[in-house]
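Okay, so here's the structure we're looking at.
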Amino acid sequence: MTSDHAADMTSDHAVDIDKHVRVYITVFVALMVLTVVTVAISYLDLAVPLAVTVALLVATIKGALVAGYFMHLVSEKKLIYAILVVTVAFFVALIALPLLTTSNGYWIEE
Amino acid sequence: MDIPYTVELRRDTGLNNGKIGIWLFLASEVMLFGALFASYILIRVGAPSWPRGDTILDVPLATLNTIVLIASSVTMVMAWASLMRRRFETFRIYMGGTILLGLVFLVVKYFEYTHHLALGEFPRTNNFLAIYYTLTGLHGLHVFGGMAVNAYFWGPGAKLWKTNPVWFTNRVEHSGLFWHFVDLVWIFLFPTLYLL
């Protein structure tokens, strides 16, 4: 789905939209299944590092489905990707900041 | 003066200005929630002990809310697709559904909050609850904001459909981008707060 779809709403596009609607329904089902998976995994009582990894992995897959298909990122213009590359770089830096602290989570060793 | 490039695409970007605007706004939102997630990691790693979310929070209710919010993302994208098919009445049904699902999410959240407050679990009680209320509260405000914009497009804002349907369709798409982002944030909040 491209951003210029709305600029030209012809019958060809209507057929195109029908295809996309089928994709939306498939993504919806996938998101529901992954939600069940997320909750089911939490009942397995995995060790915390593994539980965090698995939970974030499933959440990332779900997030990618939402961003890719509902937010149309699978076929977006270059400028949007450029904005997002910068965003991701700053986001990773932000999340990594706690790692710069010492193992006890504070800036100062106790 | 008319706002430029609401319908036609700019040659240099290949986009209408509204879409660039909403994505830049979402980029700032990523940093807002990112800062809070980073704070959460820092506080949790630094704590001598940390409770599992499911020992304090209601997982079935949060699972229900996850399903509600994902369903609302589907109705939102279907509302936009309806406009692309030039079916305004279908748009109204899907957009109305999106707003109602947002309302269901907030009502469930209300019951969650009142339950915890009745138990004397306030933001000041401990760091877990402080993080829980801050992150879910900010997210809830976003749900409310998205609902307000969607309600505008469902109601008075829909007049634009008669005079400039392409611009209206673009505006609904941009509102949808915000709504899906709010869904995306919840997809990460749910496991990190409730399940881990």
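Computed from a prediction, not measured in an experiment: that's the story for all the values here. Below, all heavy atoms of this structure are taken into account, side chains as well, without hydrogens, waters or symmetry copies. Letters A, B, ... are given to chains in the order of the sequence lines, protein chains preceding strands, and every chain is numbered from 1.
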* List the steps, then state whether side chain to side chain contact (heavy atoms under 4.5 Å, CB included) holds for B:W23 with A:K77. => CA-CA 12 Å; B:W23 273 111; A:K77 292 287 193 295; over 6 Å; no
* Criterion side chain to side chain contact (heavy atoms under 4.5 Å, CB included) on A:E76 and B:K19, from CA distance to verdict -> CA-CA 11 Å; A:E76 198 40 277; B:K19 182 169 271 190; 3.0 Å; yes
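B:M84 is connected to A:V74 through a chain of hydrophobic side-chain contacts under 4.5 Å among Ile, Leu, Val, Met, Phe, Trp and Tyr, so both are in one cluster. Residues A:V21 and A:V29 are members of one and the same hydrophobic cluster, defined by side-chain heavy-atom contacts under 4.5 angstrom among Ile, Leu, Val, Met, Phe, Trp and Tyr. One hydrophobic cluster holds both B:I41 and B:V185 under the rule that ILVMFWY side chains link at heavy-atom gaps under 4.5 Å. By the rule that hydrophobic residues join a cluster once side-chain heavy atoms approach within less than 4.5 Å of another member, B:L36 and B:F128 end up as members of one cluster. No continuous path of ILVMFWY side-chain contacts below 4.5 Å connects B:V30 to A:V92, so the two sit in separate hydrophobic clusters.
Looking at B:T13, both its backbone and its side chain come within 4.5 Å of chain A, counting heavy atoms on both sides. Neither the backbone nor the side chain of B:Y40 comes within contact range of chain A; no heavy atoms are under 4.5 Å apart. Contacts of B:A71 with chain A are made by both backbone and side-chain atoms, with heavy-atom separations under 4.5 Å. Residue contact with chain A, scored on non-hydrogen atoms closer than 4.5 Å, is absent for B:I43. Proximity to chain B is absent for every atom of A:I61, based on heavy atoms less than 4.5 angstrom apart. With a 4.5 Å cut-off on non-hydrogen atoms, B:L177 touches chain A through its backbone and its side chain both.
Atom OG1 of B:T192 is separated from atom CG of A:L56 by 7.5 Å, given to the nearest 0.5 angstrom. Note that the CD1 atom of A:I17 and the CE atom of B:M78 stand 10.0 Å from one another [nearest 0.5 Å]. Atoms CZ and NZ, on B:F188 and A:K62 in that order, are 9.5 Å from each other to the nearest 0.5 Å. Interatomic distance, B:M31 CE to A:F90 CZ, rounded to the nearest 0.5 Å: 6.5 Å. Rounding to the nearest 0.5 angstrom, the gap separating the OG1 atom in A:T35 from the CD1 atom in B:I67 is 6.5 Å. To the nearest 0.5 Å, atom CZ of residue A:F70 and atom CG of residue B:D183 are 7.5 Å apart.
Taking the centre of each ring, A:H20 and B:W80 stay at or above the 6.0 Å mark.
Counting only heavy atoms from C-beta outward, the side chains of A:H72 and B:E173 approach each other to under 4.5 Å.
The number of heavy-atom neighbours closer than 6.0 Å to OH of B:Y94, taken from other residues, nucleotides and ligands shown, is 12 or below. Counted within 6.0 Å of CZ on B:F88, heavy atoms from surrounding residues, nucleotides or ligands total more than 12; the atom is thus considered enclosed.
Nearest approach of B:G34 to A:L94, heavy atoms of both residues: C-CD2, 3.3 Å. Contact detail for A:A67 and B:L184: the closest heavy-atom pair is CB-CD1, 4.0 Å.
Proximity to chain A at a heavy-atom threshold of 4.5 Å picks out nothing from residues 141-158 of chain B.
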Validation: residues 36-51 of chain A side-chain donor-acceptor distances under 3.5 Å, sequence neighbours left out:
{"from": "A:T38", "atom 1": "OG1", "to": "A:L34", "atom 2": "O", "distance (Å)": "2.7"}
{"from": "A:S42", "atom 1": "OG", "to": "A:V39", "atom 2": "O", "distance (Å)": "2.6"}
{"from": "A:D45", "atom 1": "OD1", "to": "B:R52", "atom 2": "NH1", "distance (Å)": "3.3"}

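Counting heavy-atom pairs closer than 4.5 Å to chain B, the top-ranked of the candidates A:I80, A:I95, A:L79, A:I83 is A:I80.
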